[in-house]
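Only one structure is covered here, and it is reproduced in the block below.
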Amino acid sequence: MNKNERFEKVYSQGAVNVMEIWVDRETGVNYVFHASGYSGGMSPLLGRDGKPVISPIVNK
């Protein structure tokens, strides 16, 4: 992975029904991506309190 890329994939499962978690390297916000066949979507990953999950920014 190139250090200049903004998003980093930190989790992946599935082949046909894909579920991935991506982290924005600038803000630390986590996003969940789900794809099934030819359709897919991405949304901020929310915690139990309804706020976005934010990871510490390591490589800045």
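The first residue in the sequence is number 1, and the count goes up from there.
Taking Val18 as the reference, Glu20, Ala35 meet the side-chain contact (heavy atoms from CB on, under 4.5 Å) condition, with sequence neighbours excluded.
Pairs engaging residues 38-50 under the side chain to side chain donor-acceptor pair (under 3.5 Å) rule: none recorded [sequence neighbours left out].
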For this session: Go through the steps to decide whether Arg6 and Thr27 satisfy the test side-chain contact (heavy atoms from CB on, under 4.5 Å), and finish with yes or no.
Result: CA-CA 9 Å; Arg6 181 161 179 168; Thr27 64; 4.0 Å; yes

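Between Arg25 and Glu5, no side-chain nitrogen of the basic residue sits less than 4.0 Å from a carboxylate oxygen of the acidic one, so the salt-bridge criterion is not met.
In the hydrophobic cluster analysis, where Ile, Leu, Val, Met, Phe, Trp and Tyr join through side-chain heavy atoms closer than 4.5 angstrom, Met42 is grouped apart from Val10. Ile54 and Tyr31 fall within the same hydrophobic cluster, where Ile, Leu, Val, Met, Phe, Trp and Tyr residues are linked whenever their side-chain heavy atoms come under 4.5 Å apart, directly or through other members. Cluster annotation: Leu45 is connected to Met19 through the hydrophobic network of ILVMFWY side chains, with a link wherever side-chain heavy atoms come within less than 4.5 Å. Follow the hydrophobic side-chain contacts under 4.5 Å out from Phe33 and you reach Val29 in the same cluster.
Proximity of a side-chain donor or acceptor of Asn30 to a complementary backbone N or O of Val23 within less than 3.5 Å is not detected. Of the possible polar contacts, none joining the Asn17 side chain to the Ala15 backbone as a donor-acceptor pair under 3.5 Å is found.
Atom OH in Tyr11 sits 14.5 Å away from atom CH2 in Trp22 (nearest 0.5 Å).
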